[in-house]
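Position 1 is the first residue of the sequence, and the numbers go up from there. The figures here come from the full heavy-atom set of this structure, side chains too, leaving out hydrogens, waters and symmetry mates.
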Amino acid sequence: MAATSATTFSIGSNTSACIKVGLLSQSKASGVKFTSKNYPQSFSALKATNSVSCKSESSFLSSESCAALKRSYITKARKHNLRSNGYVQPQASYKVAILGAAGGIGQPLALLIKMSPLVSELNLYDIANVKGVAADLSHCNTPSKVSEFTGTSELADSLKGVNVVVIPAGVPRKPGMTRDDLFNINANIVKTLVEAVADNCPDAFIHIISNPVNSTVPIAAEVLKQKGVYDPKKLFGVTTLDVVRANTFVAQKKNLKLIDVDVPVVGGHAGITILPLLTKTKPSVTFTDEEVQELTVRIQNAGTEVVEAKAGAGSATLSMAYAAARFVESSLRALDGDSDVYECCYVQSDLNDLPFFASRVKLGKNGVEALISSDLQGLTEYEQKALEALKPELKASIEKGLSFLQKQPVSA
């Protein structure tokens, strides 16, 4: 049975009529409630109001997101000086493309992005089976228009005018497949897709989900460089799932309210390269040495935990889709002018001697505005040793990606 706690966003006026719209959230029932004189005419029609409030037990609509929504709707209401029988339209003005939309991550990710009031167009691309996904999603009464694109001949069209490109495309590791087999397949997929991005929407934010992220992001960077359109501020390896897991596990361990928990996770996105900085947790909380060890190992091996629980039937697709949707939401907020957007992600970095490194960053209209170095200051002995231990493995993964591109020339 679903939990009864909820995320509630309410806009109130002098009367009590209301509409409640359900939103998906991590293991909790969620809702968005609009209170006004008249019923909203659609999902995106918000009535003129004189009060706004937001309460959340969910981490998808974070406290920052709720605050941003609140500021946005108050500003719009004041700007337009709406009468009591008018309504405010959210600014659904951004175009998002998902490359690999028919897959295990792509489908739930598409659903979550379809629910965003900031998205005006949602383009779904895959090599097969995407037509039905698009038809299904198109019936959801949310603002964005859904379009489907199948096969390499339609890839370019799927990217025209896109603001955010999300790439979950790739294959999971199968029985009998070596890690090198997996790397070569996914590396080629990412190379081909990023070439198309470079040719058709070079100014878009690019979110790389395809594993191994530690290598595929450097591959994407080299492709963009060779195409002459590389902007390091707009290329992201999505490591949000590590943060989502860290927040969840810490909240459970310490009996904290999940919405308040924020654990920075640095390094990379595989095994020991994932380093949760538990001593930097907000709100401030004390951990024993045993708890630090236990939580760190669990966060690093959480993907295996899901694979084993699914008993060969798949990997972490739903939680990955959730985390990726959160990062898309943050990117859209930044593009829309929110000046207070922070996320951990894997980007080109100068925080240490590694060319790519996951850390907390400040996002803005043009991508990464700042790398937050303070998280790496004042580390405990355990964290410092773990940081030094991850560097050789992360460096090898980066070099493996760069080496791949040297053997696989980028198409003109």
Side-chain angles (χ1 to χ4, degrees), residues 93-103 105-107 109-110 112-114 116 118-127 130 133-134 137 144-152 154-170 186-211 213 216-240 320-321 323-336 343 345-348 363 365-368 410-411:
S93 54
Y94 298 99
K95 193 171 183 177
V96 177
I98 302 176
L99 309 184
I105 296 171
Q107 290 196 41
L109 174 58
L112 290 168
I113 294 176
K114 179 72 171 76
S116 172
L118 289 171
V119 177
S120 59
E121 296 184 53
L122 179 58
N123 288 357
L124 306 183
Y125 169 83
D126 215 316
I127 57 174
V130 74
V133 177
L137 275 183
S144 54
K145 173 188 175 184
V146 179
S147 301
E148 57 90 10
F149 303 84
T150 303
T152 54
E154 298 184 4
L155 176 56
D157 288 340
S158 74
L159 294 167
K160 299 295 186 184
V162 166
N163 304 106
V164 177
V165 180
V166 192
I167 306 180
N186 285 352
N188 268 302
I189 291 171
V190 169
K191 171 181 172 291
T192 300
L193 296 176
V194 174
E195 286 174 350
V197 172
D199 291 339
N200 295 282
C201 55
D203 293 327
F205 283 19
I206 306 172
H207 296 186
I208 304 291
I209 298 173
S210 307
N211 277 316
V213 166
T216 54
V217 170
I219 287 172
E222 284 303 304
V223 169
L224 295 166
K225 285 178 184 178
Q226 292 183 36
K227 287 283 191 176
V229 294
Y230 180 49
D231 184 346
K233 296 179 180 180
K234 294 183 178 181
L235 176 63
F236 310 90
V238 180
T239 62
T240 319
M320 183 64 248
R326 165 175 155 167
F327 194 72
V328 170
E329 175 204 15
S330 292
S331 292
L332 294 174
R333 284 171 46 210
L335 284 167
D336 202 41
E343 287 284 359
C345 52
Y346 182 63
V347 295
Q348 181 175 311
L363 297 175
K365 287 186 175 182
N366 296 313
V368 176
V410 173
S411 62

Side-chain heavy atoms of Ser144 within contact of Glu121, under 4.5 Å: no

Residues that Thr150 engages under side chain to side chain donor-acceptor pair (under 3.5 Å), provided they are two or more places apart: Glu148

Side chain to side chain contact (heavy atoms under 4.5 Å, CB included) assessment of Val328 paired with Ser116: CA-CA 9 Å; Val328 170; Ser116 172; over 6 Å; no

Ser147 and Leu122, any side-chain heavy atoms less than 4.5 Å apart: no

Intermediate values then yes/no, salt bridge (Lys or Arg N to Asp or Glu O under 4.0 Å), Arg326 and Glu329: CA-CA 5 Å; Arg326 165 175 155 167; Glu329 175 204 15; over 6 Å; no

Shortest non-hydrogen contact between Asn163 and Ser93, atoms and distance: OD1-O, 4.3 Å

Tyr94 side chain near Leu335 side chain, heavy-atom distance below 4.5 Å: yes

Closest approach of Ala169 to Leu193 (non-hydrogen atoms, all atoms of both residues): CB-CD1, 3.7 Å

When the side chains of residues 227-238 are checked against the rest of the protein, which donor-acceptor pairs come out under 3.5 Å, sequence neighbours left out?
unit_1	atom_1	unit_2	atom_2	d
Lys227	NZ	Asp199	OD1	3.1
Lys227	NZ	Asp199	OD2	3.3
Lys227	NZ	Ser411	O	2.9
Lys227	NZ	Ala412	O	3.4
Tyr230	OH	Gln348	OE1	2.6
Asp231	OD1	Lys233	N	3.0
Lys234	NZ	Asp203	O	3.1

Val197 and Leu159, any side-chain heavy atoms less than 4.5 Å apart: yes

Non-neighbouring partners of Tyr125 that pass ring-ring contact (aromatic ring centres under 6.0 Å, His included), sequence neighbours left out: none

Closest heavy-atom pair and its distance - Gly106, Pro168: CA-CG, 4.2 Å

4.5 Å side-chain heavy-atom contact, Lys95 and Asn123: yes

Shortest non-hydrogen separation from Ala325 to Leu109 and the atoms involved: N-CD1, 3.6 Å

Side-chain touch Leu99/Ser158, heavy atoms, less than 4.5 angstrom: yes

Non-neighbouring partners of Ser331 that pass side chain to side chain donor-acceptor pair (under 3.5 Å), sequence neighbours left out: His207

All side chain to side chain donor-acceptor pair (under 3.5 Å) counterparts of Asn186, not counting sequence neighbours: none

Heavy-atom check, side chain of Ile167 versus side chain of Ile209, under 4.5 Å: no

Steps toward side chain to side chain contact (heavy atoms under 4.5 Å, CB included) verdict (Val146, Leu124): CA-CA 7 Å; Val146 179; Leu124 306 183; 3.8 Å; yes

Neighbour count >12 (heavy atoms, 6.0 Å) for atom NZ, Lys145: no

Ile206 and Leu224, any side-chain heavy atoms less than 4.5 Å apart: yes

Test side chain to side chain donor-acceptor pair (under 3.5 Å) applied to Lys365 - qualifying residues, sequence neighbours left out: none

Atom of Ala110, atom of Ile98 and distance for their closest heavy-atom approach: CA-CD1, 3.5 Å

Residue pair Asp126 / Ala101: nearest heavy atoms and the distance that separates them: OD2-N, 3.3 Å

From CD1 (Ile208) to OH (Tyr346), nearest 0.5 Å: 11.5 Å

Leu332 side, atom CG; Phe205 side, atom CZ - distance, nearest 0.5 Å: 9.0 Å

Asn200 and Val162: CA distance, side-chain angles, deciding distance, side chain to side chain contact (heavy atoms under 4.5 Å, CB included) verdict: CA-CA 9 Å; Asn200 295 282; Val162 166; over 6 Å; no

